[in-house]
Amino acid sequence: MKTLGHWLASPWRRSAAAVIAGALPVLAYPAPSLWWCAYVALVPWILLVRSAPTGKRAAYDGWCGGFGFMLAMHHWLLPFLHVFTFVLAALLGALWALWGWLVHRLLAGVPSRRRIAAALVVLPSGWLAVELVRSWQGLGGPWGMLGSSQWQVEPALRLASVGGVWLLSFLVVAVNVAIAVLVAVRQARVPALAGLVATAAATSAAWLLSPRPAVDGQVRIAVVQPGVVGGPDSGDRRFAREEQLTRRLAGQDVDLIVWGESSVGFDLGDRPDFARRLADLSRATGADILVNVDARRSDKPGIYKSSVLVGPDGLTGERYDKMRLVPFGEYIPARSLLGWATSVGKAAGEDRRRGSQPVVMNVGDDLRVGPMVCFETAFPDMTRHLTREGVDLLIGQSSTSTFQQSWAPEQHASLAALRAAETGRPMVHATLTGVSAVYGPSGQRVGSWLGTDASAAQIYEIPLAHGTTPYVRLGDWTVHAAMLILAVWAAGEGARALRLRRSAPEPRVRPARTVHGSPARPGR
């Protein structure tokens with residue numbers, strides 16, 4: 001231990017260790033998907049931060065760890081944004097500086113039982129505060145929230161229906177804190193074990209008492225994934241491939257056919273020939289087709305990404321314009337200041353335009369669907385809103401073709417499992433180039449994934465469910481509770497500091513002596 005402490009005495013080595021420790025939780029996400037490691041992956045980072053010589057150094061260790069976490073989580077952006085990926089990781093990593101200071105404040109040295117009890121709720125709350133800030137779409141959105149690493153764990157999905165992905169993040173951090181205390185503070189093992197037992201008991205109770213979606217129907221949805229189509233005329237050739245795959249669905253009694261993001265590269269108002277071909281496909285298959293148009297609009301200025309429903313008679317008028325755009329990929333935040341990103345990577349040369357509101361579409365026999373585009377499926381509030389508006393089926397149309405040989409496609413596909421579990425509604429994640437996936441109303445996988453090497457049309461028999469989950473009904477109560485915990489703790493620390501200052505004995509001031517005599521008898 002002394003040797004390790006000596007090695008970490010170097011600021012550079014300590015910073016490097018913090019970056020590596022911060023990156024470890026990424027192993028819990030796809031593609032590695034070692035979901036169990038999320039419950040211990042923060043322990044090295046916590047132990048490093050608590051050993052910092054000062055609170056200032058602990059904050060810096062928090063920043064370095066946050067940088068490592070953000071860089072590892074978004075490493076697949078490197079071919080796209082190049083050096084700007086490091087800039088973004090450093091800016092977002094700074095959000096963990098305060099969390100590092102909190103870890104040191106509560107766990108440094110030999111913490112008392114009071115401090116350990118506080119750490120078990122304050123540190124998870126601090127982590128949620130970080131996730132809340134970086135969930136703002138201008139900072140990249142809630143991609144890589146710690147709780148989303150549990151997308152394939154059935155008990156965790158049940159808990160997501162109670163408190164959303166936020167509750168999972170809170171519990172995962174609490175377990176890491178308890179294990180770090182067990183490892184590092186021998187005198188505090190009893191309260192740490194008590195914390196683990198209390199966490200297990202609370203989660204078990206929530207798991208047992210949370211309502212399960214009541215399955216009351218079934219729908220047949222087809223996903224059309226054309227695969228990678230490149231070249232100068234890729235728009236026409238991709239459409240032809242999607243058309244070919246869709247015709248294979250004729251006579252198979254599907255209720256809806258879903259194409260991926262940017263599946264149509266031309267505005268259908270400008271290209272009536274494409275609109276007619278889509279209507280022909282709808283008549284041939286007996287199903288409406290939900291396509292995604294990525295093009296300059298003919299009826300208003302600007303480029304939009306829009307989910308457009310086409311029926312046997314042509315455009316139905318049902319249209320959803322993407323509301324939340326990908327920073328740098330679809331627009332440049334503060335372009336006058338950060339526009340230089342286009343010169344070092346493949347950032348958006350022209351900002352896409354935003355839609356104004358979510359849309360619930362009516363399909364066929366009273367099937368109500370709620371479309372989202374690309375990384376909008378990372379936002380739990382969007383699916384919660386659509387569910388409250390009465391959707392039967394959530395749909396995400398995505399591409400991820402830029403990041404084919406990376407972890408991004410699987411990471412993106414896994415998010416739909418969380419959204420389905422949170423809302424109690426099944427979700428379809430349809431892409432151009434994989435990974436396409438479908439999940440039932442409890443977040444369970446339906447059928448097989450269409451991987452990044454697939455070019456196919458696949459039909460999924462999806463169970464429908466109704467009723468309202470606690471998360472849809474109560475919203476982000478976990479976040480509100482976490483903010484309250486932080487506020488109460490901060491107020492308690494402030495009051496404690498004030499009491500200590502008031503109770504401290506006044507410094508004894510020696511009486512001033514005069515030039516000619518004693519202080520008691522001046523002049524003598």
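Position 1 is the first residue of the sequence; numbering continues from there. The model shown is predicted, which means the values in this text are computed figures rather than measured ones.
- Ring centroids of Phe239 and Trp259 are separated by less than 6.0 Å, placing the two rings close together.
- Between Ile221 and the options Ile395, Leu393, Ile459, a side chain to side chain contact (heavy atoms under 4.5 Å, CB included) holds for only Leu393.
- The pair Arg238-Asp236 does not meet the salt-bridge criterion, since no charged nitrogen lies less than 4.0 angstrom from a carboxylate oxygen.
- Trp35 is linked by a ring-ring contact (aromatic ring centres under 6.0 Å, His included) to nothing, counting only residues two or more places apart in sequence or in another chain.
- Classification of the Phe69-Tyr29 ring pair by plane angle, with boundaries at 30° and 60°, yields tilted.
- The pair Lys305-Glu261 meets the salt-bridge criterion, since a charged nitrogen lies less than 4.0 angstrom from a carboxylate oxygen.
- Looking at Thr285, its side chain never comes within 3.5 Å of a backbone N or O of Leu249 through a donor-acceptor pair.
- Judged as a ring-ring contact (aromatic ring centres under 6.0 Å, His included), the pairs with a partner in residues 443-462 (not counting sequence neighbours) are, in order, Trp151-Trp449.
- Salt-bridge check for Asp321 with Arg297: passed, with a basic side-chain N closer than 4.0 Å to an acidic carboxylate O.
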Checklist line | ring-ring contact (aromatic ring centres under 6.0 Å, His included) assessment of Trp127 paired with Trp166 | finding: CA-CA 10 Å; Trp127 187 279; Trp166 307 100; over 10 Å; no

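- We find that Glu461 and Arg220 are joined by a salt bridge, their nearest charged nitrogen and carboxylate oxygen being less than 4.0 Å apart.
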Check: Does the ring-ring contact (aromatic ring centres under 6.0 Å, His included) test come out yes or no for Trp63 and Trp96, once each step is laid out?
Finding: CA-CA 5 Å; Trp63 186 352; Trp96 275 272; over 10 Å; no

Note to self: Determine whether Trp76 and Trp143 satisfy the following criterion, ring-ring contact (aromatic ring centres under 6.0 Å, His included), listing intermediate values before the conclusion.
What the structure shows: CA-CA 13 Å; Trp76 39 267; Trp143 189 286; 5.5 Å; yes

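- Residues Thr377 and His412 bring a donor and an acceptor atom of their side chains to less than 3.5 Å of each other.
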